[in-house]
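I have placed the structure first, in the form of structure tokens, so that the comments after it can refer back to it.
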Number of protein chains: 2
Amino acid sequence: MRGMSLRIALLGLLTAYGSASGYDLTKKFERSVAHVWQAGHSQIYPELAKMTADGLVTVEAEGARGRKIYSITPEGRAELRAWLVGHDPTGPARSEVALQAFLLPLLDPGEALDVLERLKAYMEQKQAELEALWAAKHASPVPEGTSGVKFGNLALDLGIRQTRTTLEWANDAMAQLERQA
Amino acid sequence: MRGMSLRIALLGLLTAYGSASGYDLTKKFERSVAHVWQAGHSQIYPELAKMTADGLVTVEAEGARGRKIYSITPEGRAELRAWLVGHDPTGPARSEVALQAFLLPLLDPGEALDVLERLKAYMEQKQAELEALWAAKHASPVPEGTSGVKFGNLALDLGIRQTRTTLEWANDAMAQLERQA
DNA sequence: GATTGACATGTCAGCTCTTACATGTCACCT
DNA sequence: AGGTGACATGTAAGAGCTGACATGTCAATC
């Protein structure tokens, strides 16, 4: 039961937004889950086929242009619930930003400052995107959601906080490097 | 030039700590880089072989028990520097914790609280580990490092801040769920 | 009537990564 | 002399993922 996060993400989206096609789900990945997990259609289509074979989803209907509408089965719901409740969050730590941070002292301070400057710009842009998403969500009048919390908001909040933290770190690291130079 | 982070990490370690064997580098991964990037020996040995073929590292000497001592070449140094200075930090976003956060509203509040409680415990433990590392580094009298900043400290600082942020988020999310229940 | 572009689904080569298997050396303890 | 455990290097199957290739439908514009 390793690395089945793509499966879980798909089951989650099918639960939250109701039935959808592979195409729809690909769009959801681009738009709503992108800050949390990424997957392209070339990964999603085969996975849906496997999940159908495993009985976690079914093809509810076939629409125009070969469109296949998937929906989650009780087995799928059980699988999702079991993962959410039982999954140990020991995900492999792999962050390119952190790796860059780790290796930064190998550069001389001037170059390191440049790298941090670029990182800062990237993070600021990301922050703006996330905050725009936040604003958009809070403007609309409760669209979808299972409990009182709007779907995806907790994750969005986490993302915004983490971006802010990275930004603060970059600023402090720059100040530290400037003191040395 | 995609996903060459393992290469970069190895080049970085060879620069920072001088020449080392595959075994040594595996240990460094377990101990010093683990919070930033992960790799086992079965990934490291073949990669070192490829890097040798590409002229980025050389086998400096062969010691006892078949031990091979690698060191970085000028080409390797150039490659590392180019990556650090020129790399765009657009790493694929893939966080199991964030995915769990995203899907959390699919559970009822009681179960969601349990999940957050477990996450909090995990993060607290991680935080303790990182802070112990920090304390250990600040106790010893400047061991290795290229500039004035001790090697790996910037990354450690980032890790500690991010863990703290996740912890704060978990607490606030729990408070929010409790208000609903 | 033709082109454009969004819709829609798939496959495949090749890389990364994980897990497990496999082999052998050397120092130390009993 | 035998056993344990750290040292040390490798291979291989299979999953995960990326990027490119491939195919076709439908609606709207020119």
Side-chain angles (χ1 to χ4, degrees), chain A residues 1-11 13 19-31 33-34 36-54 57 59-70 83 87-88 90-96 99, chain B residues 1-11 13 19-31 33-34 36-54 57 59-70 83 87-88 90-96 99:
Chain A
M1 295 267 187
R2 211 95 15 213
M4 49 187 326
S5 308
L6 174 58
R7 230 160 226 245
I8 296 303
L10 290 170
L11 290 173
L13 288 176
S19 39
S21 70
Y23 189 85
D24 294 338
L25 291 166
T26 305
K27 293 293 164 194
K28 296 282 184 205
F29 261 88
E30 277 168 21
R31 295 199 243 274
V33 219
V36 148
W37 205 267
Q38 264 172 260
H41 79 274
S42 66
Q43 216 188 330
I44 290 171
Y45 288 129
E47 187 63 29
L48 284 170
K50 267 189 250 166
M51 287 163 77
T52 306
D54 293 348
V57 297
V59 179
E60 196 182 63
E62 303 211 14
R65 273 172 284 195
R67 181 183 170 89
K68 288 183 198 165
I69 316 273
Y70 290 92
W83 187 88
H87 182 66
D88 203 15
T90 323
R94 239 171 224 130
S95 158
E96 286 198 10
L99 180 59
Chain B
M1 292 266 187
R2 213 93 14 210
M4 51 186 326
S5 308
L6 175 58
R7 230 159 226 245
I8 297 302
L10 290 169
L11 290 172
L13 288 175
S19 39
S21 69
Y23 189 84
D24 293 338
L25 291 166
T26 305
K27 293 293 163 192
K28 296 281 184 208
F29 262 88
E30 277 169 19
R31 295 198 244 274
V33 218
V36 149
W37 206 265
Q38 263 173 261
H41 79 273
S42 66
Q43 216 188 332
I44 290 170
Y45 288 129
E47 187 64 27
L48 284 170
K50 268 189 248 165
M51 288 164 78
T52 305
D54 292 347
V57 297
V59 178
E60 195 183 65
E62 302 212 15
R65 274 172 282 192
R67 181 183 170 90
K68 287 183 198 166
I69 316 273
Y70 290 92
W83 188 89
H87 182 67
D88 203 16
T90 323
R94 240 171 224 128
S95 157
E96 287 199 8
L99 180 59

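Computed from a predicted model, the values in this text were never measured in an experiment.
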What is the separation between atom [atom1] on [X] and atom [atom2] on [N], rounded to the nearest whole Å?
X: A:Tyr45; N: D:dT18; atom1: OH; atom2: C1'; value: 17 Å
X: A:Trp37; N: D:dT18; atom1: CH2; atom2: C1'; value: 15 Å
X: B:Ile44; N: D:dT11; atom1: CD1; atom2: P; value: 15 Å
X: B:Lys68; N: C:dT25; atom1: NZ; atom2: C1'; value: 15 Å
X: B:Glu30; N: C:dT18; atom1: CD; atom2: P; value: 13 Å
X: B:Glu47; N: C:dT18; atom1: CD; atom2: P; value: 13 Å
X: A:Leu6; N: C:dC17; atom1: CG; atom2: P; value: 18 Å
X: A:Phe29; N: D:dT18; atom1: CZ; atom2: P; value: 11 Å

Side-chain N or O of [X] less than 4.0 angstrom from OP1 or OP2 on [N]?
X: B:Lys50; N: C:dC15; answer: no
X: B:Arg94; N: D:dC17; answer: yes
X: B:Tyr23; N: D:dT9; answer: no

request  = Measure up the B:His41 and B:Tyr45 rings against each other and bin them: parallel (under 30°), tilted (30 to 60°), perpendicular (over 60°).
outcome  = perpendicular
key: Option passing side-chain contact (heavy atoms from CB on, under 4.5 Å) with B:Leu10 (candidates B:Val57, B:Val33, B:Leu25)   = B:Leu25
task = Over all heavy atoms of both residues, which pair between B:Leu99 and A:Ser5 is shortest? Give the atoms and the distance, please.
result = CD2-O, 3.7 Å
query = Do the side chains of B:Tyr70 and B:Asp24 get nearer than 4.5 Å, heavy atoms only?
reply = no
Interface polar pairs with nucleotides 19-26 of chain D, N/O, under 3.5 angstrom:
residue, atom, partner, partner atom, Å
D:dG19, O6, A:Ser42, OG, 2.6

task = Ignoring hydrogens and angles, tell me if any N or O in the side chain of B:Arg94 forms a donor-acceptor pair with the backbone of A:Gln38 under 3.5 Å.
result = yes
request  = Please confirm whether the backbone N or O of A:Met51 pairs with a side-chain atom of A:Asp54, one donor and one acceptor, at under 3.5 Å?
outcome  =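 Pair absent, no side-chain N/O of A:Asp54 close to backbone of A:Met51.
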message = Going by side-chain contact (heavy atoms from CB on, under 4.5 Å), name the residues that satisfy it together with B:Ser42, two or more places apart in sequence or in a different chain.
response =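 In terms of side-chain contact (heavy atoms from CB on, under 4.5 Å), with neighbours along the sequence ignored, B:Ser42 is linked to no residue.
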query = Which comes earlier along DNA chain C counting from the 5' end, the contact point of A:Asp24 or that of B:Met4, where each point is its nearest nucleotide?
reply =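 Per heavy-atom nearest nucleotide, the more 5' residue is A:Asp24.
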